[in-house]
Amino acid sequence: MKQALLIVDHFPPSFAPRMGYLAKYLKTLGWTAQVFSIRHPSKINKFDNLVGYVDAEEVAMPTYCNHHGANRLLIELGGRFLGGRTWSIHDQKMYKHVMKNIADKKFDIIVCSTASFFPLNCAYKLSEKLNIPIVLDFRDIYEQDPYVYSTKGLGGLLRKTQIKQRNKIIGKSYATTTVSEWHREYLSQYNPNTHLIYNGFDEELFSPRDEAPTHQFSITYTGSVAPTDCIGSRDPELFFKAIQSLHAEGKIDPKTFCVNFYTDNVSQVYLAKTIAKYNIESYVHIHDWVSSKEIPDILAHSNVLLILVAAQNTHGVMTTKLYEYMAMKRQVLCVPETNGPIGKIIAQAQAGYTFDNQTDIQNYLEESYNKWKKSGMVPCATDWDYVKQFSRQLQAKQFVEIFEKAVSENLKEKQN
């Protein structure tokens with residue numbers, strides 16, 4: 001059985017299920033893995049269902065101050081003194097820890113998955129040391145949203161340095177994988193062997209459920225909401241304005257019309273302020289973030305599933321909830337966009353609607369609510385033959401195909 005060494009920024013039970021689902025299906029494909037990631041606060045550990053499929057270890061990293069941005073700078077700048085111009089303290093500690101713990105083991109490939117930069121340097125140095133190919137997986141990159149990370153001062157300088165170093169490492173890697181057409185096109189300029197592997201859904205959790213009458217017309221959102229500084233980032237205000245108008249016109253009733261958000265603490269604070277702004281507290285209910293294994297039943301007892309997208313200034317952001325929603329065969333409402341990549345997939349799947357203005361959202365909500373009042377349901381005709389291509393099991397096969405080619409070509413090079 002071939003073995004992969006995964007060096008990642010997150011791994012279950014923490015966030016980033018992409019690598020967790022890969023690990024889940026590796027053994028059925030003739031592979032196994034050992035994983036090293038950074039330890040994260042337990043409050044974000046919501047993927048315990050993906051624990052135990054491979055050996056995985058969280059490496060504790062130091063915190064130098066309570067302010068996230070300042071701590072990040074200290075980690076990066078401190079590493080420059082320890083290991084070189086592009087090294088960080090986290091790279092240094094991760095590299096030493098991994099080398100110490102794999103001394104008697106043999107690996108066929110290194111896989112590094114990241115949402116920005118770390119641990120690219122560490123993973124690439126390991127691939128050089130062990131003389132095995134490396135595959136890089138990017139869930140996000142800086143350029144998709146210029147407002148997420150600072151472009152000014154020391155933060156901006158760090159960003160530029162990391163992008164330059166990232167592109168060099170991409171060019172030296174065997175292959176790169178990523179999550180959207182935009183990301184693939186962008187990263188291909190640094191490595192033509194760049195592949196699109198969408199995020200997706202676990203068929204063991206998310207699958208079409210027969211529609212059944214609900215006691216309330218229920219709209220559900222799962223995940224983070226709190227916006228970045230990007231204009232239009234996950235903007236719920238058009239949606240809230242539509243609810244406010246429908247209420248003012250007497251077309252909805254809080255006894256039978258409800259919106260439920262299952263989200264994190266920061267988003268809860270943001271939502272509470274925004275909901276109060278539109279005086280729709282009786283319609284919108286805020287709940288704590290729940291584990292992934294609880295979500296399918298919540299979605300199954302909903303009539304409409306809400307997606308909020310960053311409509312302006314962002315590129316290729318493909319939220320995992322899109323695929324999970326579609327797999328449940330419930331109508332998907334996406335705002336505020338019409339022609340973006342998420343909207344195109346929803347349209348191809350016949351899974352719902354995308355709108356970028358209050359009038360269309362309002363008309364959709366009124367029409368759907370009236371359908372619900374007649375039957376207790378909102379009909380959905382999702383094309384399952386289209387949606388099933390986003391299965392996590394199928395995506396694991398896509399990853400393994402790339403790994404197999406990398407190992408085969410590396411073996412041929414060594415024989416020559």
Using a strict 4.0 Å threshold on nitrogen-to-oxygen distance, state whether [X] and [Y] make a salt bridge.
| X | Y | answer |
| --- | --- | --- |
| K373 | D253 | no |
| R166 | E143 | yes |
| K371 | E367 | yes |

List the steps and the verdict of side chain to side chain donor-acceptor pair (under 3.5 Å) for N303 and S218.
-> CA-CA 5 Å; N303 304 109; S218 176; 5.2 Å; no
Which label fits [X] and [Y]: parallel for a plane angle under 30°, tilted from 30 to 60°, or perpendicular past 60°?
| X | Y | answer |
| --- | --- | --- |
| Y283 | H247 | perpendicular |
| F217 | F257 | tilted |
| W182 | Y186 | parallel |

Classify the side-chain pair [X]/[Y] by whether it contains a donor and acceptor separated by less than 3.5 Å.
| X | Y | answer |
| --- | --- | --- |
| S291 | D48 | no |
| W289 | S224 | no |
| Q358 | S245 | yes |
| Q144 | D140 | yes |
| T319 | K321 | yes |

Does Y353 OH have over 12 foreign heavy atoms under 6.0 Å away?
->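 Open.
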Main-chain N/O of L365 paired to S368 side chain as donor or acceptor, under 3.5 Å |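 Absent.
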Side chain T114, main chain F118, donor-acceptor under 3.5 Å |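 Indeed, once roles are kept as given, a pair shorter than 3.5 Å links the two residues.
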Under the side chain to side chain donor-acceptor pair (under 3.5 Å) test, residues paired with K329 that sit two or more places apart |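 K329: no side chain to side chain donor-acceptor pair (under 3.5 Å) contacts found.
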Cut-off 3.5 Å, no hydrogens considered: what does the side-chain donor-acceptor table look like for residues 23-30, sequence neighbours left out?
unit_1 : atom_1 : unit_2 : atom_2 : d
K24    : NZ     : D202   : OD2    : 2.7
K24    : NZ     : E204   : OE1    : 3.1
Y25    : OH     : D202   : OD1    : 3.0
T28    : OG1    : Y25    : O      : 2.7

H90, Q162, Q165, Q92 screened by side-chain hydrogen bond (donor to acceptor under 3.5 Å, both in side chains) with N121, the one that passes =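 Exactly one pass, corresponding to Q165.
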